[in-house]
Amino acid sequence: MKNYDNNIDMFDAYLNNLMSDDEKRSFEQRLNNEPEFKKEFKEYKQMIFLIQESCAEANQEFEQAMKNISDDTFKDVVSTEKEDSAHVTLADDEAAKPKGRVIPLKKVYQWMSIAAMLVVIAGVGMNIMQRSSFNQQMAQTNDQLKQLQQSNNDMKLAYCDALTDGHTPFEDLTAATRGSDSDAINEKYKTAIDNLKDNKTNEAIGALEEIYKKSDGDRKSEIGYELVYAYVKAGDFVNAKRVIKEVKSGNGNLPQKYLDELDKLEQKISKPYF
Amino acid sequence: MEEYNQIVNDWYVKLRSYFINMVHNKYPDLHIEDIEDLYTEAFIAARENMIKGRVASDTNWKAYIFRIGLNMAANKSKQEIKKVQALEQTDDDDIDAHEKFQTKLSLNDLIDEDDDKKTLEKRLEVIKREIKYLPEPCETILKDFYFGDFSMTEIMEEIHYKTTKAVKAMKYRCLTRLKERVMTVCKMLNLTD
């Protein structure tokens, strides 16, 4: 009989018909004899069914959208114009020394999160006891759930902010030796950095991604370095890790101290925040 | 029309990083810019096939786009397919790393004789709402595993985790967390059994 790490692995195996006949019989006996086990399996099936339903809906919407979008608009979405940039030599920028300061907010965030949830749940519970109609209860719970989710989201953003605290961006990119849009890229870079300072993270990411794609060599690495921080600030750890990987394996020469910084950041964002 | 544009754009942007991670893991000899190009070509090819009716309409589009892209990457790569590498990345005793969840559940699978249908309906509404607010990486792990026809190994590659056991542990944590949130709300609404 296979040892399962947890009941969910067992449920997956049962539904996927991966159990031997003996295992299946034993599983079904447990369903008949253990009400808690049966309840857990029922709840699991409900979640899986709805995950599949929500994906199926999104899938259909996507197909409809792809079929109905105009060719020109589709081309705009997928366009990936690239220009060749010169390989540039690295200019050592002593002024751009990032100050390292780590604020261990993770535990504080977790306790704050639990405390906030308890306060909201306690408040909601007292309110509900005083209401008579189910529809009124539902409407109120919906609002408070939204607030709770917003609160959780705000705390996550605060944690992401803390991860980027003390980061000083490159003031100027390494000069390009050729390429007519070098000035435009520099301009866009400065605007993106200003947007980051003003917490307009999405705008900053959009601009940085655009010039990141158009650049090469050391400039690409420098822009990539800033892009990582922008993604972390926005809480998008998947893209942050992707860019870290690209910067480390690219043909630019980022100074070792910045590469070390990216390594440390990668370790932190590889752990889930909750 | 604007809505269609937004949907296509969201999918294009969202799948891109996962695709790049997965292909880069499988074919490290390919340059990132080449992988980006492959992604765009795969996306374009998928749309063309969709419009020409070459693919069944209940196809899982994310998996389809990824399959096209991976085939293109395999052709482009000078190295052999990274099945060996993928196996090395999984733990020796994780024999389920390449298994896929292939069962499609229906409403009938959820109903018992002793169930109160109205309570069940309301409970399902609660779960549906919670699924809408799943954070990452839970959304990707759960949707790709239970609907997307992705194995643990493939999910590990796309979200850039180190082992399939880590992905499984996260999947377990995500489902547990989802269940806790649902239970909390159902208790408040007196929907518990």
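Computed from heavy atoms alone, side chains included, the values below leave out hydrogens, waters and symmetry copies. Sequence lines set the chain letters: A, B, ... in the order given, protein chains first and strands last, and positions in each chain run from 1.
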Top contributor to chain A interface from [options] [non-hydrogen pairs under 4.5 Å]:
options                       : result
B:N21, B:I51, B:L142, B:L124  : B:L124
B:T140, B:I159, B:L178        : B:L178
B:T59, B:L107, B:V182, B:D109 : B:L107
B:F145, B:F43, B:F101         : B:F101

So, [X] versus [Y]: side-chain donor-acceptor pair below 3.5 Å or not?
X      : Y      : result
B:Q6   : B:D10  : yes
A:Y14  : A:E23  : no
A:N251 : A:K220 : no
A:D12  : A:Y44  : yes
B:Y12  : B:T40  : yes
A:N7   : A:E40  : yes

When only pairs under 4.5 Å are counted, which of [options] shares the most heavy-atom pairs with chain B?
options                     : answer
A:E209, A:K67, A:Q46, A:E53 : A:Q46
A:Q60, A:M47, A:K45, A:E63  : A:E63
A:N239, A:N59, A:V77        : A:N59
A:A65, A:S249, A:A56        : A:A65

Engaged part of [X] at the chain A interface, taking heavy atoms whose separation is under 4.5 Å:
X      : answer
B:T184 : side chain
B:Y18  : side chain
B:I32  : side chain
B:K171 : side chain
B:I131 : side chain
B:L120 : side chain
B:I20  : side chain

May I ask you to say whether B:R47 pairs ionically with A:D71, meaning some side-chain N is under 4.0 Å from a carboxylate O?
->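 Judged by the 4.0 Å cut-off on N to carboxylate O distance, B:R47 and A:D71 do form a salt bridge.
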Is it true that A:R242 and A:E246 have a side-chain N and a carboxylate O under 4.0 angstrom from each other?
->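 Salt bridge: yes.
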B:D116: partners by salt bridge (Lys or Arg N to Asp or Glu O under 4.0 Å), with sequence neighbours left out |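 Per chain and number, B:D116 pairs via salt bridge (Lys or Arg N to Asp or Glu O under 4.0 Å) with no residue.
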Answer yes if the ring centres of B:Y4 and A:F74 are under 6.0 angstrom apart, and no otherwise.
->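 No, they do not, as the ring centres are separated by 6.0 Å or more.
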